[in-house]
Protein chains: 2
Amino acid sequence: MKQENRPHEMGLGKMSTILDIARLAGVAKSTVSRYLNGGSVGEATKKKIEQAISETGYTPNPFAQSLKAKKTNIIGTIVPRLDSYASSQTLIGLDEQLKQMNYQMLISNTSQSLEREIESIYSLANQKMAGIILLATEITDQHIEAFENVKVPVLLIGQEHPDFHSLIHDDFHAGYEMGRYVLGKGYRKIAYLGVTERDISVGVKRKQGFKKAIQEVEDCEVRFYETLFKIPAAQASAREILQEFKPSIFVCATDNIAMGVLKASYSEGMTVPKDMGVTGFGGYDVTEIIHPGLTTAKFFYKEAGEKAARQIVELLHERPVEKVTISHFEIIERESVDNLFQRRL
Amino acid sequence: MKQENRPHEMGLGKMSTILDIARLAGVAKSTVSRYLNGGSVGEATKKKIEQAISETGYTPNPFAQSLKAKKTNIIGTIVPRLDSYASSQTLIGLDEQLKQMNYQMLISNTSQSLEREIESIYSLANQKMAGIILLATEITDQHIEAFENVKVPVLLIGQEHPDFHSLIHDDFHAGYEMGRYVLGKGYRKIAYLGVTERDISVGVKRKQGFKKAIQEVEDCEVRFYETLFKIPAAQASAREILQEFKPSIFVCATDNIAMGVLKASYSEGMTVPKDMGVTGFGGYDVTEIIHPGLTTAKFFYKEAGEKAARQIVELLHERPVEKVTISHFEIIERESVDNLFQRRL
DNA sequence: CTGAAAGCGCTTACAG
DNA sequence: CTGAAAGCGCTTACAG
């Protein structure tokens, strides 16, 4: 399969078709087709067909195949953005696993437009995708309607919804453990810098988990803030909070937000972790590169992508798949958090 | 086009075909087809067809279309990796521009395997891509052979080659200007940390430009080193160089390599830029996020992607396109480089 | 095991 | 302006 199948003679003439192969091998088209699709073919004819195929470098026309089959072996993946660590890693995991299972992946980038997401659902369905994977941020009624209309197997990644199968990260427990971690280090004056609650996973669950940890302890002063996903916005929010609240630590709902806080702290002349602690969620590469390294709850995007690939294929085959799968996480300790107890000694 | 075309009734029955539309409108299939493809259709029939289409939510089967047309309006893009700033930005630029011109983009990720690149060329051609864009790192004889065989319009991004159209970044002049910049700041003991010369753009051209700048000045001590693209490898290389050479500045062939050098300098207890300067090439987002910010030669990947999209489409239409287009760059000054002249005062 | 025929949904000359 | 027919390359019952 590695070398011999390459259409070396393609440059000479036009692409060969199944009819060419049939003629060359002296058999009927249907026999060639049967050979190609693993049907029963006699040894002798098999030989002749193989010969003809390698002579011509024949390879079936996928459009003709799909036209008959009325579907492809392509999984359409809708992704809100291409330039995020989480997206890339998830896509890589999906792609590699899908390839291994002899499926193709088609990426549809929506540039963070929910409207484009809806369009993509219809468009992918129209292109006869075998299944659709949505790297979700928000599930609206329109999403639900679209998926109902197209009737293509669907898997959500990153958000869960009662109507669909989904694979999510363990945002709640990550929030909880992060809370416990921070409290365990002695921090008691905490700014939680979150995002919109329309994003259930990032905006709600992480915060809820964190709140639970807080409730297990006494006399802890916590304030909750909301900012945007982008670094400059987070930076601006942090600057304000620094004025009005002076927290001893920022617990940020994403690594990017944490980056913004770090920038704000620099520009205010503060040193992390000496003057203030910072934590994130995500486990982006950059959290390890920077100095001080960022303490964060790392999610396993690539693995999640691989798992999702296996699940969507199960779904295609109408085999049972658990409604919601929870991918794990890990608290990574780095320099951005100090041990206040130790400091007091 | 926004709302009305959506196949709301799709959920009810099977997808409708051109024949359904024809019957509903009381005309022939060919007339519907002509309407769809902008041929001449009478006002009255046009109305009826439009009515039928919006009633059914009809949308043509792309496989049937491609089967006839023997090609698609999809541009296949081969990318060595998904998780790099340069790749993502380029893809975003390509995708957005292509969409605007009514083309689709299909991404083929090769995970840095040259062999997979070759396979992708054949596979994309087999899928009747209208054109192929290769985010190139290295052009081997196999690439040339493959492209000759498939006879599909091709555009290279990032590397040039006499056989193909290409869009490259101005690596030579970026190297030159970076050299001048560093010299202008008074640095005279320089470690140039480059990469393999098999990568012409990154490994050869940047270095050549830099060398040219060096030659314009006297009594400058420069040593050239080679490392890998990954941060840990660069970090290890930097540590060694720090022992044997003690440069006053590291000029790194990529931002990632510069990140490795920064990490090495931290772990050696050095402060940038006080004890040592560092520069990169690329202009990745991370260079702005970190502290100190990294001085770098910024390339415009997204713009380059957009430009490439326009060019490949020109190529499809067999319109003239300049053989090699050079995308610009900009030296971004940040804190990782000091002014040694000023310091002496 | 093998082949002839019909059909997937569309487009494209060719008549009219 | 409009329609009947052929054909794109493949697969799938159906006979044999």
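Naming convention: chains lettered A, B, ... in sequence-line order (proteins, then strands); numbering from 1 in each chain.
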Mind calculating the distance between CG (B:L67) and C1' (C:dC8) to the nearest angstrom? 9 Å

Protein-nucleotide distance (B:L36, atom CG; D:dT2, atom C1'), rounded to Å: 16 Å

Sidechain-backbone polar pair: A:S123 side chain, A:E119 backbone, donor-acceptor under 3.5 Å: no

Does the side chain of A:Q159 pick up a donor-acceptor pair with the side chain of A:D199 at under 3.5 Å? yes

Return whichever of B:S30 or B:F63 has its heavy-atom-nearest nucleotide of DNA chain C closer to the 5' end. B:F63

From CG of B:N61 over to P of C:dC8, roughly how many Å is that when rounded to an integer? 12 Å

Whole-Å distance, A:L19 CG to D:dC8 P, equals 9 Å

Rounded off to whole Å, could you give me the CG-to-P distance for the A:N73 and D:dT11 pair? 12 Å

If you assign each of B:A64 and B:T45 to its closest nucleotide in DNA chain D, which residue comes earlier from the 5' end? B:T45

Does a donor on one side chain sit under 3.5 Å from an acceptor on the other, for B:S54 and B:E50? no

Check whether any side-chain N or O of A:Q65 sits under 4.0 Å from OP1 or OP2 of D:dT11, and answer yes or no. yes

Distance, rounded to the nearest Å, where B:R23 contributes CZ and D:dT2 contributes P: 20 Å

For D:dG3, take OP1 and OP2 only and decide whether either is under 4.0 Å from a side-chain N or O of B:Y35. no

Candidates C:dG7, D:dT2, C:dC10 - which lies nearest the side chain of B:I18: C:dC10

If only side-chain N and O atoms of A:K70 are considered, is one of them under 4.0 Å from the OP1 or OP2 phosphate oxygen of C:dG9? yes

What distance do A:L67 atom CG and B:K68 atom NZ have between them, rounded to the nearest 0.5 Å? 11.5 Å

Is the shortest side-chain N to carboxylate O distance from B:K47 to B:E43 below 4.0 Å? yes

Using the side-chain heavy atoms of B:T17, tell me which of these nucleotides is nearest: D:dC8, D:dT2, C:dC10. C:dC10

Heavy atoms from C-beta onward define the side chain here; which of C:dC1, C:dC10, C:dG3 lies closest to that of A:T31? C:dG3

Euclidean distance, atom CG of residue B:N126 to atom C1' of D:dC10 [Å, nearest integer]: 13 Å

From D:dG7, D:dT11, C:dC1, nucleotide with atom closest to A:N37 side chain: D:dT11

Should D:dA4 form a Watson-Crick or G-U wobble pair with both distances under 3.5 Å, which nucleotide is its partner? none

What nucleic acid atoms does B:S66 come within less than 4.0 Å of, heavy atoms only: base, sugar-phosphate, or nothing? nothing

Could you give the CD1-to-P distance, from A:I49 to C:dG3, as a whole number of Å? 9 Å

For B:S33 and C:dC10, is the shortest distance between a side-chain N/O and OP1 or OP2 below 4.0 Å? no

